Amino acid sequence: MPPYVHRPEMALKRAEEFLDVGKRVRALEALTEAIKNRKPRIWQKSHEDIMKKFIQLCVELKQSQTAKEGLHQYKNLTASVNPKSLEDIIRYYLKLSEAKCNEAREKANVQAPIADVDDLDLAESPESMLLKVVSTDTSQDRADRVVLLPWVRFHWEAYRHCLDLLRNLSKLESLYHDIASQAFKFCALYVRKTELRKLCEMLRNHIGQISKREVMTPHAVNLNNPETQELNLRTRLVQLDHAISMEMWQEAFRAIEDVHGLMSMLKKVPKAALKANYFEKLALVFLRAGNAVFHAAAQHQLFSLYRNFRKDLNTEELRKLAVAVLFSTLAVPLQPPRTHLESLLEYDDTAATKMKQLTLLVGYTQPPTRAKLVEDLQKLGILQFIRPELQALYHNLEVAFDPLHMGSHVAGVLNFVNTNEELASVRHYVSVIEEVAVGKQLRQLSQVYDCLEIARVIQLMPYTNGHTIERVAIETARNTDLEVRIDHRGTGMFVFGSDVALAPYEAQTATETPTDSQMPTDRVRSQLVMLLTSLTRTSRVIKSQQELNDESKVREQLFQLHRKTAAREQLANLARPQKADSRQKYIEEKERAKEQQAMAAKNSKEKESAAAENLRMQRDTRQFEEQRSRLKEKELEKQVIRDKIEKMKQTEFGMRVLKELDDLENVDVKELDRLEQRHREELKREEEENNQRLKIQEKKIDHTIRAKQLEELTLRKEDNARMVDTFKEIWLQEENRRVGFECVLTIQTSDCPLTFLVVLFALL
């Protein structure tokens with residue numbers, strides 16, 4: 001491993017040297033090695049400088065995968081220590097990428113989106129390369145592919161990698177949602193529908209992964225946090241806006257489902273403005289999907305929110321909303337009432353499940369119907385905010401029974417809507433309301449006339465044409481809502497009514513509408529009865545007399561059989577309620593037992609969840625204690641290392657050894673042990689050399705002293721002899737002097753002075 005890898009400053013300096021000579025790839029490799037180095041795991045300010053230079057080189061070289069790996073390494077280094085630094089680096093990365101993309105766009109002078117590439121994630125295939133060779137693309141198309149497309153692909157990968165990096169970091173959650181909003185704007189700017197679909201799926205998968213997580217880590221995202229829910233809700237609304245603007249209605253509906261799910265997770269009631277925005281977008285999606293009933297229901301909810309929760313009510317805006325509610329409700333197609341047989345024949349649960357899901361989206365407890373929505377117009381007081389000209393439309397379609405003048409009244413209102421600029425926002429409802437008015441007027445005409453000329457019918461409906469009238473009549477007849485036949489022979493006639501009798505179960509369930517009288521056309525609903533009648537008439541025509549006699553005999557036998565079994569069947573019918581009651585009791589007991597089992601299972605699951613939570617808390621506590629003990633051990637190890645370094649600095653050889661290390665603060669323990677071993681060996685070697693040198697010096701001194709002593713012995717003998725001689729002479733002199741003095745004393749005591757002087761002179 002190169003020595004500059006251990007120190008970030010050296011790695012950055014090395015990269016600058018490579019850049020000075022134009023080697024950007026080598027500079028990127030040097031920075032990559034420094035970022036991936038696992039030894040210095042403590043964040044420093046120099047790491048941020050390295051990452052900025054690293055990101056800059058990755059953008060210039062279009063190395064998105066390398067940038068992704070470097071960002072993951074930097075995330076591991078700064079996620080818990082300095083997340084602000086990670087946020088700055090990611091924003092810097094996206095800023096550079098966006099700048100390069102805008103620069104390429106200006107260079108290519110692109111005004112329209114890149115339409116020949118469906119998916120930016122797919123590489124170029126050999127077939128597409130061959131097609132490009134033989135294609136007749138203009139220079140502008142080639143500029144799109146060569147100049148702009150690589151940078152658009154790189155910018156998309158940058159958004160995707162950053163979102164994947166930040167998906168589970170609670171400290172950078174706001175950055176995650178900001179990047180998601182920027183990615184939506186990117187898809188809208190370059191009209192990338194495939195990328196928008198992938199982005200929506202990515203965000204949906206991130207939420208799913210977070211919700212499925214069993215163990216909660218310290219820095220993980222918590223979906224139960226109100227701030228997290230608010231951020232996710234805002235991001236989904238941005239997703240919904242861009243999906244609608246790009247006319248991706250399927251993604252818009254899925255975004256609405258996501259918004260509804262997040263709103264249901266909120267612990268507090270969502271803000272009225274947020275719900276109003278939701279219902280506004282929901283109404284638009286239902287309008288594009290052609291679901292008029294739920295579109296009108298969403299408009300009702302929007303009007304209720306605006307009127308009940310808006311503090312500063314604006315009468316003009318309230319009138320516009322009321323007009324939209326009125327027209328959306330009147331534009332709901334006429335729905336034929338379902339018979340008892342149709343409800344029994346409905347075995348498929350898919351339609352019911354879908355209806356239940358849509359009902360929850362609009363905030364209703366029961367699926368909305370046209371009759372219920374029309375009733376709410378009067379009950380909720382919506383009509384009082386509508387001008388009288390438009391109230392006349394509601395009166396003629398839903399209240400009045402005037403088939404002869406209904407067409408002229410409706411035509412006048414619709415002409416008023418088409419000519420008034422203030423009502424331009426509801427003109428798209430006019431064509432649907434015309435069809436509804438045709439159906440309503442045909443039903444009223446069928447109750448008054450048995451037949452009517454086609455020209456007369458067209459004259460009574462001036463707001464539409466003959467083709468629309470015939471089409472609506474055929475559709476209503478097919479749905480068994482109106483019994484009508486169109487006869488084009490001669491002048492052409494609309495023939496209403498039928499001579500088919502009612503089925504017994506339909507005679508009991510037939511109901512009256514508020515404005516319609518009880519006529520056969522409102523009660524006959526069964527195509528099976530009509531088919532049976534036609535087949536019976538046909539069989540009577542083609543059968544012979546003998547067959548009729550045989551048939552009468554069979555009928556007689558069946559009648560006799562019925563008389564024999566009538567009493568038994570009557571008893572069985574009388575016993576049927578008791579059986580139904582007993583079965584109902586059995587079903588209720590079974591349901592009660594099932595509920596008890598479910599409650600017991602729920603309690604057991606809650607206990608298991610509580611036990612699992614306790615285990616998790618214990619495990620987290622144990623992990624925290626282990627982590628703290630590891631930190632203490634590391635701190636003690638660092639203190640020991642510092643003590644050893646200080647001890648080694650006291651010796652000359654230790655200073656020479658420490659000069660081999662580039663970074664004394666981040667030195668490895670093994671490296672320090674190796675150097676300390678060398679230091680101990682060197683000290684031991686020096687000690688042995690000193691001992692050996694002292695022994696040699698001691699031996700030399702011993703020999704020298706012994707030689708000196710031998711020489712000194714001879715000299716001492718000579719000196720002793722000289723001293724003996726000297727002492728002998730001195731003794732003789734002293735002895736002679738003593739003898740002389742004794743003589744002097746003797747002479748002095750005598751009587752002869754001359755003798756005394758001679759002797760004294762001799763002694764001197």
Side-chain angles (χ1 to χ4, degrees), residues 200 204 229 232-234 236-241 243-244 248-266 268-310 317-318 320-335 338 349-383 385 394 398 425-426 428-429 432-433 436:
C200 298
R204 205 170 288 115
Q229 295 173 352
N232 280 288
L233 194 56
R234 291 180 181 176
R236 291 305 183 277
L237 290 175
V238 173
Q239 172 184 339
L240 178 58
D241 292 338
I244 291 175
M248 298 179 63
W249 303 111
Q250 185 176 2
E251 285 300 326
F253 182 75
R254 297 184 68 182
I256 284 175
E257 290 181 332
D258 295 339
V259 171
H260 181 265
L262 291 171
M263 289 174 64
S264 62
M265 291 173 58
L266 293 176
K268 58 182 180 180
V269 179
K271 297 180 180 179
L274 186 64
K275 294 184 69 176
N277 188 17
Y278 165 74
F279 282 115
E280 183 180 358
K281 300 299 187 300
L282 180 63
L284 180 58
V285 171
F286 280 136
L287 178 63
R288 294 296 182 179
N291 197 331
V293 178
F294 286 95
H295 168 69
Q299 291 282 16
H300 276 260
Q301 294 282 44
L302 180 61
F303 178 83
S304 300
L305 279 172
Y306 190 90
R307 187 177 62 178
N308 296 332
F309 295 97
R310 185 71 178 266
E317 292 184 5
L318 202 59
K320 290 182 179 180
L321 286 176
V323 170
V325 173
L326 173 65
F327 275 77
S328 62
T329 304
L330 296 180
V332 177
L334 299 175
Q335 300 171 348
R338 294 175 56 196
D349 293 336
T350 305
T353 304
K354 182 179 179 181
M355 185 66 67
K356 184 177 180 181
Q357 181 182 5
L358 296 179
T359 304
L360 292 176
L361 289 180
V362 294
Y364 278 58
T365 57
Q366 295 294 331
T369 60
R370 190 180 191 279
K372 181 66 170 60
L373 294 174
V374 171
E375 182 183 353
D376 289 342
L377 289 176
Q378 187 69 35
K379 184 185 297 184
L380 300 178
I382 299 176
L383 295 176
F385 297 100
Y394 166 79
E398 303 298 336
S425 59
V426 295
H428 57 276
Y429 296 111
V432 185
I433 292 177
V436 173

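Source: prediction; values computed, not measured.
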Can a salt bridge be assigned to the pair Glu398 and Arg370 using a cut-off of 4.0 Å between side-chain N and carboxylate O?
yes
Which atom of Val285 lies closest to which atom of Ala252, heavy atoms considered
CG2-CB, 3.9 Å
Could you report the tightest heavy-atom contact between Tyr306 and Leu321, atom names first, then the distance?
CG-CD1, 3.5 Å
Can you sort out the partners of His295 under ring pair (Phe, Tyr, Trp, His ring centres under 6.0 Å), two or more places apart, ordered by chain and number?
Tyr429
Sorted by chain and residue number, the side-chain contact (heavy atoms from CB on, under 4.5 Å) partners of Lys372 (sequence neighbours excluded) come out as Thr369, Glu375, Asp376
Can you see which heavy atom on Pro367 is nearest to which on Thr359, and at what distance?
CA-OG1, 3.5 Å
After noting the C-alpha distance and the side-chain angles of Thr329 and His300, does the key distance pass the side chain to side chain contact (heavy atoms under 4.5 Å, CB included) rule?
CA-CA 9 Å; Thr329 304; His300 276 260; 3.0 Å; yes
Geometric class of the Phe286/Phe294 ring pair [parallel <30°, tilted 30-60°, perpendicular >60°]
tilted
Distance check, rounded to the nearest 0.5 Å: Met263 atom CE versus Lys275 atom NZ?
5.5 Å
If you compare all heavy atoms of Ala296 against all heavy atoms of Leu373, which two are closest, and at what distance to 0.1 Å?
CB-CD1, 3.7 Å
Measure from the side-chain N and O atoms of Gln301 to the backbone N and O of Val362, and report whether any donor-acceptor pair falls under 3.5 Å.
yes
Minimum heavy-atom distance Ala255-Arg236, with the two atoms named:
CB-O, 4.4 Å
